[in-house]
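Start at 1 and go down the list; that is how both ligands and their atoms are numbered.
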Amino acid sequence: MQIGFHGATQEVGRAAILVEEGKHRVLLDYGVKINEETHLPLPVQGFVDGIIATHAHLDHVGAIPMLYKLTEIPCWMTPPTLPTMELLVKDSIKVQHLKGLEAIFSASHLKRLIRSVIPVEYKKKARVGEFEFEFRDAGHILGAASVEMQSKKHSLVYTGDIKLEPTRLHDGADIGFKEADVLITESTYGGSEHPHRKEIEKQFVDACNEVLGRDGNVLVPAFAVGRAQELVTILHAHKFSYPVYMDGMAKQAAEIMFDFPKYVRDFNEMYSALKAATWAEDEIDRRAALSGPSVIVSPAGNLQGGHSVRYLMKLREKRESAVFFSGYQPAESPGRELLETKRLKYEGYDLDYKKHRIEHFDFSAHASASELHKIVKKVNPKVVCVVHGEPKPAKALGDWITENTGAYVKVPKFGDKIDVEKHM
Ligand SMILES: [Zn+2]
Ligand SMILES: [Zn+2]
């Protein structure tokens, strides 16, 4: 078995792994990395039997339509991943267009991909070429999956993006993996721990109350799928008394979640929270949101466009206001910049937010280091490939595995390839 790393090598973004055995080739995820520009994964030369997509985030599926320019190949994903992917990929086409960037694929390629999708539920066996595989609930976002795969010679587990601790929306990941020869693991937080969800929920709600008590607004730039709905649910569960607004794509993502109740941990809790929030539809609603104390939950989660940036511009003079981030801010993203410098460069402006309260609440949807260690122990692999983490956390996880297990550890560089047989 050979494994090629076409992306997500010592970086968070553009997950793309090519698994080959004999004549058969399968692609696990094929995503993009977006900062000022769109970074593509390494191209795939020649034929692939199929694609397995773990979840709908663009860093896992954003480049898949590129593969549908000439061919139609099967693409497996869980049922909720399909509409969620469609929503996010269509939006990425729009954003590229707005930024004046050259399109990496067209709407017709996306259409061809959608026609080629084979939905597979968690824990149902599927087959691609010589490989048999099944998805397990990864606890990360709606429909997110890990992949457990078996060829004639070797077995492999790919975590995808994985979260072990339960959240308001999802149970923790199902890590009932069988032992496998190879583990390919994410390492977003490969060297650090998260606070407990309950604690961070309380800190977040208290901080919102504090800012709103001073007549400020709290802008929560949040990822459209999952995080936005989770935060609204948290506020509702804590009997939050101020108005809560939800804007942008978080609304469409919520509609998709309504279609897949069994993929949500406590559907009724989420449903009543989302119904109680005000869904900002137009400029009148947006003005109303800013006219008094309120919490505004809006994509993009790292301020890469979307309504969150527009709210942020309007909050510049309201110094009693706050920006509370809730998710991973990738290197070079505007979110990371604002968080670290309290300044934001936007459309030629250099904006100062020194007087505002700018904070990050660690509501991560990724496993902590000790949880990743647990997965390594469970899978007990001979070969571990550490992907989807910036250099420091990736190295930290790799070092821990080398020190604590007998496994061969690879923290690949862009374009690296390994032959599993050589390390068995
Ligand atoms: Zn993800
Ligand atoms: Zn990811």
Side-chain angles (χ1 to χ4, degrees), residues 5-17 27-35 38-41 51-64 77-78 80-85 87-89 91-92 135-147 158-165 167 169-170 172-173 184-190 194 222-230 249-250 253 256-257 263 299-302 304 325-333 335-336 362-368 371-372 375 385-391 393-394 397 412 414:
F5 300 92
H6 290 234
T9 46
Q10 299 178 47
E11 62 182 351
V12 174
R14 54 173 169 177
I17 299 154
L27 197 53
L28 303 175
D29 289 336
Y30 203 57
V32 292
K33 182 179 177 182
I34 303 172
N35 33 44
T38 305
H39 300 270
L40 301 177
I51 303 161
I52 299 173
T54 58
H55 66 287
H57 278 152
L58 289 176
D59 63 321
H60 296 257
V61 300
I64 295 181
M77 57 185 68
T78 64
T81 299
L82 176 56
T84 317
M85 172 188 78
L87 175 71
L88 294 179
V89 171
D91 181 67
S92 80
F135 287 133
R136 278 180 187 274
D137 186 351
H140 171 64
I141 60 163
L142 186 80
S146 303
V147 181
Y158 171 40
T159 59
D161 288 358
I162 194 163
K163 172 80 183 167
L164 271 61
E165 195 190 2
T167 65
L169 302 191
H170 303 292
I184 304 173
T185 178
E186 69 132 309
S187 59
T188 319
Y189 292 88
H194 302 302
F223 302 109
V225 179
R227 183 57 42 72
Q229 297 80 10
E230 182 189 2
M249 236 169 37
I256 294 173
M257 298 175 111
Y263 283 82
N302 41 35
Q304 239 137 16
F325 290 99
S326 65
Y328 185 77
Q329 302 299 315
E332 291 164 50
S333 66
R336 174 84 74 99
D362 183 359
F363 282 105
S364 176
H366 294 271
S368 65
E371 291 168 331
L372 293 169
I375 296 171
C385 307
V386 180
V387 295
H388 198 291
E390 284 177 16
L397 180 62
F414 194 60

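Around the Zn ion (ligand 1), the protein contributes the following N, O or S atoms under 2.8 Å, ordered by chain and number: His55 NE2, His57 ND1, His140 NE2, Asp161 OD2.
Between Lys163 and Glu230 there is no salt bridge, since no side-chain nitrogen of the basic residue lies less than 4.0 Å from a carboxylate oxygen of the acidic one.
Neither side chain, Asp161 nor His57, offers a donor N or O lying under 3.5 Å from an acceptor on the other. Side-chain contact check for Asp137 and His170: no donor-acceptor pair (N or O, by modelled atom type) lies under 3.5 Å.
Considering only residues two or more places apart in sequence or on other chains, His366 meets the side chain to side chain donor-acceptor pair (under 3.5 Å) condition with Glu186, Thr188.
Contact annotation: the side chain of Val61 never approaches that of Leu88 to less than 4.5 Å [non-hydrogen atoms, C-beta and beyond]. The shortest side-chain heavy-atom distance between Leu40 and Val32 falls under the 4.5 Å cut-off.
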